[in-house]
Amino acid sequence: NKPSVRRSYSLCGAAHLLAAADKHAPGGLPLAGRALLSQTSPLCALEELASKTFKGLEVSVLQAAEGRDGMTIFGQRQTPKKRRKSRTAFTNHQIYELEKRFLYQKYLSPADRDQIAQQLGLTNAQVITWFQNRRAKLKRDLEEMKADVESAKKLSPSGQMDIVALA
């Protein structure tokens with residue numbers, strides 16, 4: 001079911017053959033004029049260009065041009081992509097322990113990181129990533145809370161009293 005690599009364009013070739021075979025046609029253009037017309041028409045020029053461009057290309061190169069083979073258009077192999085590790089599903093116990101540690105320590109020393117990773121059965125990279133993501137979440141939450149306070153202040157002067165009372 002694969003498409004054929006070679007394509008034939010017989011329109012211009014047939015027109016050229018007809019012009020060459022029709023030596024004794026009554027009236028019309030002289031033989032030289034008909035041959036010249038069939039060889040220089042834009043359609044024939046395009047066909048000739050396309051046949052020269054794709055002549056001799058192998059299937060693998062054509063597949064690469066279409067992006068199916070992991071090869072570039074020029075037949076060079078791309079560097080293989082590194083497979084990403086799938087998302088880690090932390091257990092409730094692991095999250096609880098990480099959150100508990102995060103409450104009083106936002107940044108871990110390498111020794112602390114090793115200890116937590118070993119204790120929870122995680123890799124150092126997983127602990128590093130979890131703490132980075134948790135710090136980013138804290139920053140987002142603080143910015144959102146600050147924006148909420150600012151919008152509440154703009155609503156009404158009495159709203160300020162309520163906010164102060166809540167604080």
Side-chain angles (χ1 to χ4, degrees), residues 1-13 41-167:
N1 291 337
K2 291 185 178 180
S4 174
V5 175
R6 292 184 182 172
R7 293 182 171 89
S8 60
Y9 300 95
S10 58
L11 182 62
C12 288
S41 72
L43 187 58
C44 289
L46 180 62
E47 186 268 330
E48 185 178 343
L49 177 67
S51 66
K52 286 181 182 177
T53 302
F54 295 110
K55 184 178 255 182
L57 285 181
E58 296 179 15
V59 174
S60 61
V61 176
L62 288 175
Q63 287 176 344
E66 294 172 0
R68 291 187 284 164
D69 192 32
M71 307 255 298
T72 63
I73 292 175
F74 301 108
Q76 300 167 338
R77 181 142 318 263
Q78 295 173 348
T79 55
K81 289 188 178 181
K82 192 175 180 182
R83 287 198 79 134
R84 284 186 61 179
K85 189 180 180 303
S86 62
R87 179 183 167 122
T88 302
F90 293 102
T91 65
N92 289 335
H93 173 70
Q94 289 170 332
I95 293 172
Y96 174 78
E97 293 296 326
L98 290 166
E99 287 285 355
K100 191 167 75 171
R101 187 63 173 256
F102 185 78
L103 280 174
Y104 65 90
Q105 192 174 6
K106 306 294 186 246
Y107 293 87
L108 295 176
S109 67
D112 291 338
R113 191 173 56 233
D114 290 341
Q115 184 246 337
I116 290 174
Q118 184 180 16
Q119 176 188 348
L120 299 177
L122 300 170
T123 65
N124 282 348
Q126 288 172 320
V127 174
I128 290 170
T129 303
W130 189 90
F131 269 80
Q132 284 176 340
N133 291 341
R134 188 62 182 85
R135 286 190 298 267
K137 180 182 178 192
L138 177 65
K139 183 178 177 183
R140 274 193 320 268
D141 290 347
L142 289 174
E143 288 172 357
E144 185 180 325
M145 197 181 321
K146 185 178 177 182
D148 289 345
V149 168
E150 292 298 322
S151 66
K153 283 181 183 178
K154 291 178 183 176
L155 286 176
S156 67
S158 64
Q160 291 179 353
M161 293 296 187
D162 295 338
I163 293 172
V164 172
L166 287 174

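Everything quoted here is computed from the prediction, not taken from an experiment.
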Report, one line per pair, each donor and acceptor closer than 3.5 Å where one atom sits in a side chain of residues 115-122; sequence neighbours left out.
unit_1	atom_1	unit_2	atom_2	d
Gln115	NE2	Gln119	OE1	3.2

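Note that the CG atom of Leu108 and the CZ atom of Arg101 stand 6.0 Å from one another [nearest 0.5 Å].
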Inset, instruction - Give the intermediate values and the outcome of side-chain contact (heavy atoms from CB on, under 4.5 Å) for residues Phe131 and Tyr107. - result: CA-CA 7 Å; Phe131 269 80; Tyr107 293 87; over 6 Å; no
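Shown here are the side-chain contact (heavy atoms from CB on, under 4.5 Å) partners of Lys100, two or more places apart in sequence or in another chain: Tyr96, Glu97.
Taking 4.5 Å as the limit, every side-chain heavy atom of Leu142 sits out of range of all side-chain heavy atoms of Lys146.
Residue pairs meeting the salt bridge (Lys or Arg N to Asp or Glu O under 4.0 Å) criterion with at least one partner in residues 119-133, sequence neighbours excluded, are absent. Applying the salt bridge (Lys or Arg N to Asp or Glu O under 4.0 Å) test to every pair with at least one member in residues 133-143, sequence neighbours left out, gives these pairs: Glu99-Arg134. Judged as a side-chain hydrogen bond (donor to acceptor under 3.5 Å, both in side chains), the pairs with a partner in residues 123-133 (not counting sequence neighbours) are, in order, Thr88-Gln126, Asp114-Asn124, Thr123-Gln126. Residue pairs meeting the salt bridge (Lys or Arg N to Asp or Glu O under 4.0 Å) criterion with at least one partner in residues 115-130, sequence neighbours excluded, do not occur; the list is empty.
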